[in-house]
Amino acid sequence: MITSGMERILIIAPHADDEVLGCGGLIEKACRYNNQVKVVVMTVGDIKHPHNTETVTGETRKKELKDAMEFLGCTDFDIVYNDKDSILDTIPRFEIITRLDAIITKYLPTMIFIPLPSYHQDHIILFESCFAALRPKPNQLIKLIAMYEYPLISWQYQKFWNTGELYVDISDTVQKKIQAFQMHKSQMRPPSHLISPENVKKWAEMRGMEIGVAYAEKYYILRSQIL
């Protein structure tokens with residue numbers, strides 16, 4: 001479908017780096033085939049991560065996002081909140097849903113990719129808010145809504161066994177996905193960590209084996225239709 005170059009793809013991510021972890025290969029391929037691709041990161045902010053003894057600033061996260069997106073060929077990306085990293089639960093849910101409604105109404109996507117919920121509170125809140133914002137409405141152009149995964153989904157609070165499965169072959173772009181991920185320098189972990197560059201590539205290799213290609217990204221279909 002993305003080889004047609006006619007899709008309007010919207011990717012909604014909790015934090016800067018989730019978009020590459022889940023959809024880096026898709027973003028690069030969709031942009032290369034001249035589709036419209038918009039990435040919306042819900043929040044950045046000054047925060048001290050467990051893997052880093054120093055506070056990473058929101059401005060650093062913005063710069064890393066810009067570098068990663070431009071490397072993948074995506075020029076349309078936005079951040080909704082500049083100071084709510086890890087505290088999306090302090091924002092009224094109605095406000096988040098209203099913001100998502102406005103983005104979707106303005107952009108008119110044909111495909112939307114949202115995060116699987118996980119142990120992280122921001123991911124759970126964003127998933128639930130996206131689920132509400134994507135309620136069925138008349139005259140929608142959306143033909144695919146799917147959830148993207150990331151390696152840490154192996155520690156999730158629930159399993160999604162009853163959804164359709166969608167794979168994207170990223171064999172020709174996996175190295176660009178890894179390079180884009182490495183541009184999120186503040187988020188780099190050692191090789192033994194689940195979201196180290198080395199293990200992100202291994203995860204893509206595992207998904208590739210499931211469909212008989214070298215590397216793949218896996219998505220979980222919430223809703224789709226054939227036009």
Side-chain angles (χ1 to χ4, degrees), residues 1-44 61-62 65-66 68-82 84 88 91 93 95-117 122-150 160 163-164 166-168 170 173 177 180 217-227:
M1 289 156 30
I2 63 173
T3 56
S4 70
M6 298 177 65
E7 305 297 344
R8 294 180 60 82
I9 297 169
L10 176 62
I11 295 165
I12 304 173
H15 311 110
D17 81 339
D18 292 324
E19 79 295 336
V20 175
L21 281 168
C23 308
L26 172 66
I27 292 170
E28 195 281 331
K29 289 190 77 164
C31 290
R32 177 156 37 98
Y33 282 105
N34 298 315
N35 298 276
Q36 297 295 312
V37 179
K38 182 178 184 64
V39 173
V40 173
V41 171
M42 208 63 195
T43 183
V44 298
R61 302 298 296 277
K62 289 180 188 178
L65 175 66
K66 181 177 184 293
M69 290 300 92
E70 290 181 351
F71 179 76
L72 293 176
C74 179
T75 58
D76 188 358
F77 49 91
D78 291 316
I79 296 169
V80 178
Y81 296 105
N82 292 299
K84 301 297 182 184
L88 281 179
I91 305 171
R93 194 67 58 89
E95 179 183 328
I96 297 174
I97 296 168
T98 300
R99 293 253 190 152
L100 291 169
D101 277 336
I103 291 166
I104 294 164
T105 299
K106 182 177 180 181
Y107 186 65
L108 296 175
T110 60
M111 299 180 180
I112 299 182
F113 297 89
I114 67 175
L116 274 163
D122 283 358
H123 291 232
I124 295 169
I125 290 163
L126 183 56
F127 167 78
E128 292 177 350
S129 298
C130 286
F131 197 81
L134 291 170
R135 59 201 179 276
K137 301 174 187 175
N139 305 315
Q140 283 186 326
L141 300 175
I142 304 168
K143 55 189 176 185
L144 173 66
I145 300 171
M147 302 174 288
Y148 57 85
E149 62 175 11
Y150 25 81
F160 287 85
T163 63
L166 172 67
Y167 291 83
V168 176
I170 63 167
T173 193
K177 175 187 174 87
E217 289 172 345
K218 184 177 181 179
Y219 300 84
Y220 300 81
I221 298 171
L222 282 173
R223 191 167 81 227
S224 65
Q225 65 183 85
I226 297 174
L227 299 179

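No hydrogens, no waters, no symmetry mates; every other heavy atom, side chains included, goes into these values.
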Sequence neighbours excluded, the answer for side-chain hydrogen bond (donor to acceptor under 3.5 Å, both in side chains) partners of Asp18 is His15, His123

In this structure, CD1 of Ile12 is separated from CD1 of Ile103 (nearest 0.5 Å) by 6.5 Å

Checklist entry - Would you find a donor on one side and an acceptor on the other, under 3.5 Å apart, between the side chain of Arg61 and the backbone of Ala16? => result yes

In short, ring pair (Phe, Tyr, Trp, His ring centres under 6.0 Å) pairs touching residues 20-44 with sequence neighbours left out are none

Quick note, salt bridge (Lys or Arg N to Asp or Glu O under 4.0 Å) partners involving residues 105-117, not counting sequence neighbours, are none

Residues at least two apart in sequence or cross-chain that pass side-chain hydrogen bond (donor to acceptor under 3.5 Å, both in side chains) with Tyr148, listed by chain then number, are none

Heavy-atom closest pair (Leu126 atom, Pro115 atom, distance to 0.1 Å) is CD2-CG, 4.0 Å

The side-chain hydrogen bond (donor to acceptor under 3.5 Å, both in side chains) partners of Lys84 (sequence neighbours excluded) come to none

Non-hydrogen side-chain atoms of Leu100 and Val40 separated by less than 4.5 Å:
no

To the nearest 0.5 Å, atom CD1 of Ile112 lies from atom CD1 of Ile104 at 4.5 Å

Residue pairs passing the salt bridge (Lys or Arg N to Asp or Glu O under 4.0 Å) test with at least one member in residues 1-11, sequence neighbours excluded, are Glu7-Lys143

Arg135 side chain vs Ala132 backbone, donor-acceptor pair below 3.5 Å = yes

Applying side-chain contact (heavy atoms from CB on, under 4.5 Å) to Tyr167 and not counting sequence neighbours gives Glu165, Arg207, Glu210, Ile211, Ala216, Lys218

Residue pairs passing the side chain to side chain donor-acceptor pair (under 3.5 Å) test with at least one member in residues 73-82, sequence neighbours excluded, are Lys38-Asp76, Lys38-Asp78, Lys62-Asn82, Tyr81-Glu95

Residues at least two apart in sequence or cross-chain that pass side-chain hydrogen bond (donor to acceptor under 3.5 Å, both in side chains) with Lys29, listed by chain then number, are none

Taken in chain and number order and not counting sequence neighbours, the residues that satisfy side-chain contact (heavy atoms from CB on, under 4.5 Å) with Cys74 are Ile27, Cys31, Val37, Val39, Met69

Quick one: does Asn35's side chain have a donor or acceptor within less than 3.5 Å of a partner on Ala30's backbone?
yes

side-chain contact (heavy atoms from CB on, under 4.5 Å) filter on Arg223, not counting sequence neighbours, yields Pro136, Gln140, Ile145

Contacts of Ser224 meeting side-chain contact (heavy atoms from CB on, under 4.5 Å) (sequence neighbours excluded), chain-then-number -> Leu144, Ile221

